[in-house]
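What follows is one structure encoded as C-alpha cells, with my remarks underneath.
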Amino acid sequence: MREALTRGGRAFTAAALTTTAAVLLCAAGLVVAGGSGDARAAGGAVVLDEGELDFTPRQVDGRPQLQIDDRGGGTTVVREPSEVVLHVVPSALQYTPDPVATALGSTNMDSWQLGGWEAANIFAAEPGWKGTEAGGDTQVALSGFEGPGVFGLATYTREIDSANGPAIAHLGSAEGVPRSFTLAGDAERLLPIWQFTAEGVYRLTFTVTTGGATDTETLAVVVGDDADPSTVMPGDGTTSTPPASPTPTPTATTHVISEGHVDMAARKIDGELEFQLKEGSELDHTWHEPSGVVLHVRPAAKRRIPEGYDFLGTPGDAVWWLPLQQNAGIVWPGWNTGEFPRAELDGKVSFRLDSVQGPGNIAMFYSDSTGTPVVPLNSGDGLPDTHTLAGGTHAHFDWAFSAEGVYRTTFTVSATLADGTRVADTQTLAWVVGDGTDPSTVTPGAGDEPTATPTTTPTAGASETASATPTATAAASASESTSVSAAASGSPGAAASGAAVSVEGSSGSLASTGAQVSTVAGIAVAALVMGGGAVFLVRRRRTTD
C-alpha cells in the first residue's frame, strides 16, 4: 500500500512519517492508548487530552468533511472539530531537536509536542491524519491561525533521504513554512509531530480539498496549564467564554513552590544543624522553614512507568516523576550539605525518611553504572530509610509519586561534628501532587489531616548502636563544594545509562539545567558507591548531645 504524505509534489512514506523515540538517544516502546473520556468544556464541548484520534477527511453526502475519529475511550466516536477542545497537557513540554525547530521557523528549543520524542512516556493525545475515507488525495491547508506562539506539523526521521534533510515541515504558522500538504488517499494513519512553542489558546483553521470540493473547520487547542480547557469555547470562539472561578489566594504563612530549583538542606545556624529549604541558585536564593512551604508536583510531571522500574508499580501505569535534571515548569528538588565542610564533620550527613502520609508511595532513586535502579528512599517497602551525603555536597536524584494528592514527609537530618557533638533536626514537609488539590489551600508542615496508618519514627532502644541497612551514598569529588546528579537509565528525561554526574568546583554553582535530553548524554559515569551509616537516635527538633 502506498501510504504517503506529499508536499510540493514529493511523496514521503508512512514509515518515514512515524516518529518514535528510537530516533533519538533514548529508545521507547509502543504508545499505549488511553481514554480521553467525555470531559466537558465551555459550551458543551468535549476536551480531548489523551488517547488516539485521527483527523479524517471523509465523504459525507458527496462532499468532503473534516471530522475527528476519537478512539480515546476504547471505541471510535466521530466528532466535529468545532465541538471539541484539544488539550496539549503540560507534560508534553520537551526538548525540540534543532532540525525540527529550524524547519518550523522557530528557535525555541523547548516546545509542547504531541507525537514527539516522549510520546511513549506521557499520557497525552496522539493525533494522526487518515486519508482513506476521502475518496482520493486531499489537500490539507492551514487557512487560519491564532495563538501565542508558533504552530507546526513536522517529521523527523533518519529514513528521509539527505536531499530533503532530517526534518520535514508539512505545514505551520511561521513565515517561510509551507501552509499545506497532500494527504494521500490510501494513507491509513500518518503521525507527524504537532509542535507549539508557547502556552495558551490556539485556534487552527484547516481547509481540506478533495476533487475540487472543500470543507473548512476551526479547532481550538489549549497548550499547557495557563488556561483551563474547560473554560475555553470550541471552534472559532465566537461564543463568549464563561468567567473562570476565582483562584484562592494562598495564606500569608504558606509559600508554594511549583517550579524551579529547591534544595532540602542541612543548614548550620549557631553551631547547630537545621533542616531548611534553599530555593533558588547559589548566588540568589531564599531560605525557608519546611513548616511554611508546600511543594507542588504539577501535572506536567505525569509519566508512564518504564520497564525495569517495577518498584514504582506496573510498567505503563501513571507516576508523577521529578527527574534529576531540571525540566521547565516543574519543581527540581535536590539535597545540599554545602554549609558543612567535610573538615567540620566526623563522617557524613544523614537524611532519614521517618514517615510518609499520603495517597500513595514516594521513592527517590538513581541508576548505577550498569543501568540498575538503586533506591535509597522508598516508602513502598517500609520505613525508615536513610541516605547520606558528604559535607560540601549538592546532589540531585529522581523522585516519583504513585498517586495524586497531599503527602507529608517527615525527615530527620543528623550529623556528628568533628568534635564529637551530634546534631539533628526533624521536620515535616508537605507536597501536593497533580491538580486535584489546590496547593494554596493546603496547610504546610504536619497539617491536620487524620492519618490511618502513619509510619512511626524509631524510638529509643537497642537500635541506637546497631548498623543501619546499607544506603546509597553519593561520592563527592575532591573539592569541598560539589554538585552530583545521579541519572536513571531509561527514566523520562534521562539520556544515558548508568549514573550521569555533573561535578562542579568550589564556586558553588548549581548542577547543569535544561530539559534537553542531549545535555546529559555524554556526561561521565558517577562514582556512586553503596555504603553504610549509623542512624543516630535524636530528639524531636534540633538537639545536641
Practice problem: Determine, step by step, whether E50 and E126 satisfy the side-chain contact (heavy atoms from CB on, under 4.5 Å) criterion, reporting the C-alpha distance in whole Å, the side-chain angles of both residues, the deciding distance to 0.1 Å, and the verdict. | Solution: CA-CA 7 Å; E50 187 179 330; E126 305 160 31; 5.9 Å; no
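- In this structure, OG1 in T205 is found 7.5 Å from CG in D236, a value given to the nearest 0.5 Å.
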Quiz prompt | Evaluation steps, side-chain contact (heavy atoms from CB on, under 4.5 Å), between F397 and L324 | solution = CA-CA 5 Å; F397 298 82; L324 63 95; 5.6 Å; no
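- Side-chain atoms of W335 and D263, non-hydrogen and from C-beta on, never get closer than 4.5 Å to each other.
- Taking NE2 of H288 as the reference point, atom NE2 of H255 lies at 3.5 Å (rounded to 0.5 Å).
- Side-chain contact check for D228 versus H87: every heavy-atom pair is 4.5 Å or farther apart.
- Residues F55 and W194 place their aromatic rings such that the two centres sit under 6.0 Å apart.
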Exercise. Could you check E80 against Q67 for side-chain hydrogen bond (donor to acceptor under 3.5 Å, both in side chains), going step by step and ending with a plain yes or no?
Key: CA-CA 5 Å; E80 299 296 326; Q67 296 181 328; 3.0 Å; yes
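- At least one donor-acceptor pair under 3.5 Å links the side chain of R408 to the backbone N or O of G445.
- Remark: R303 is not positioned above the aromatic ring of F123, lacking an NZ or CZ atom under 6.0 angstrom from the ring centre and at most 45 degrees off the axis.
- Checking each of Q326, H396, H261 against W332 for a side chain to side chain donor-acceptor pair (under 3.5 Å) leaves exactly one that passes, namely H396.
- Two residues are said to be in side-chain contact when any heavy atoms from C-beta on lie closer than 4.5 Å; P290 and T428 fail this criterion.
- Residues F311 and A363 share a closest heavy-atom pair of CE1-CB, 4.2 Å.
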Quiz item: Could you walk me through whether Y407 and F401 pass the ring pair (Phe, Tyr, Trp, His ring centres under 6.0 Å) check?
Solution: CA-CA 9 Å; Y407 294 77; F401 300 77; 5.4 Å; yes
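- Under the 4.5 Å side-chain criterion, counting only non-hydrogen atoms from C-beta, V432 is not in contact with V297.
- Screening V140, D54, L191, T138 for a side chain to side chain contact (heavy atoms under 4.5 Å, CB included) involving W129 leaves a single residue, V140.
- Here the side chains of R79 and V46 are in contact, with some heavy-atom distance below 4.5 Å.
- Using modelled atom types, no side-chain atom of T132 and backbone atom of E188 make a donor-acceptor pair closer than 3.5 Å.
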Exercise. Evaluate the side-chain contact (heavy atoms from CB on, under 4.5 Å) criterion for residues T155 and I193: first the C-alpha distance (whole Å), next the side-chain angles of each, then the deciding distance (0.1 Å), finally the verdict.
Key: CA-CA 6 Å; T155 294; I193 301 170; over 6 Å; no
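- Taking all atoms of both residues into account, the shortest heavy-atom contact from P90 to A300 is CB-CB, 3.4 Å.
- Separating the CG atom in D225 from the CZ atom in R298 is a distance of 5.5 Å, to the nearest 0.5 Å.
- Between T207 and S143, the shortest heavy-atom contact is OG1-OG, 2.8 Å.
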Quiz item: Hey, mind stepping through V331 and L322 against side-chain contact (heavy atoms from CB on, under 4.5 Å) and telling me if it holds?
Solution: CA-CA 7 Å; V331 68; L322 300 176; 3.8 Å; yes
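- Between the CG atom of N121 and the NZ atom of K302 there is a distance of 13.5 Å, given to the nearest 0.5 Å.
- Residue R304 comes nearest to I122 through the heavy atom pair NE-O, 3.3 Å, listed as atom of the first residue, atom of the second, then distance.
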Quiz item: When you look at T209 and T214, which way does the side-chain hydrogen bond (donor to acceptor under 3.5 Å, both in side chains) test go after all the steps?
Solution: CA-CA 4 Å; T209 303; T214 65; 5.3 Å; no
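- Checked by atom type, the side-chain pair S111/T197 shows no donor-acceptor distance below 3.5 Å.
- In the model, Q59 has no side-chain atom that pairs as donor or acceptor with a side-chain atom of E133 under 3.5 Å.
- Remark: the backbone N or O of G185 is paired with a side-chain donor or acceptor of D137 at under 3.5 angstrom.
- Neither side chain, E259 nor H296, offers a donor N or O lying under 3.5 Å from an acceptor on the other.
- When each of W112, F196, Y202 is paired with F151, the ring pair (Phe, Tyr, Trp, His ring centres under 6.0 Å) condition holds for F196 and for no other.
- Scanning both residues, A169 and V177, for their nearest heavy atoms gives CB-CG1, 4.0 Å.
- Side-chain atoms of P57 and L183, non-hydrogen and from C-beta on, do get closer than 4.5 Å to each other.
- Between D69 and R58 there is a salt bridge, since a side-chain N of the basic residue sits under 4.0 Å from a carboxylate O of the acidic one.
- Closest of all the heavy-atom pairs between G371 and S367 is O-OG, 3.7 Å.
- A distance of 6.0 Å separates CE in M364 from CH2 in W399, rounded to the nearest 0.5 Å.
- The distance from the CG atom of L295 to the CD1 atom of I330 is 12.5 Å, given to the nearest 0.5 Å.
- Side-chain contact check for L204 versus L142: some heavy-atom pair is nearer than 4.5 Å.
- One N or O on the side chain of Q94 and one on the backbone of W117 form a donor-acceptor pair closer than 3.5 Å.
- Using a 4.5 Å heavy-atom threshold, the side chains of F206 and D215 count as separate.
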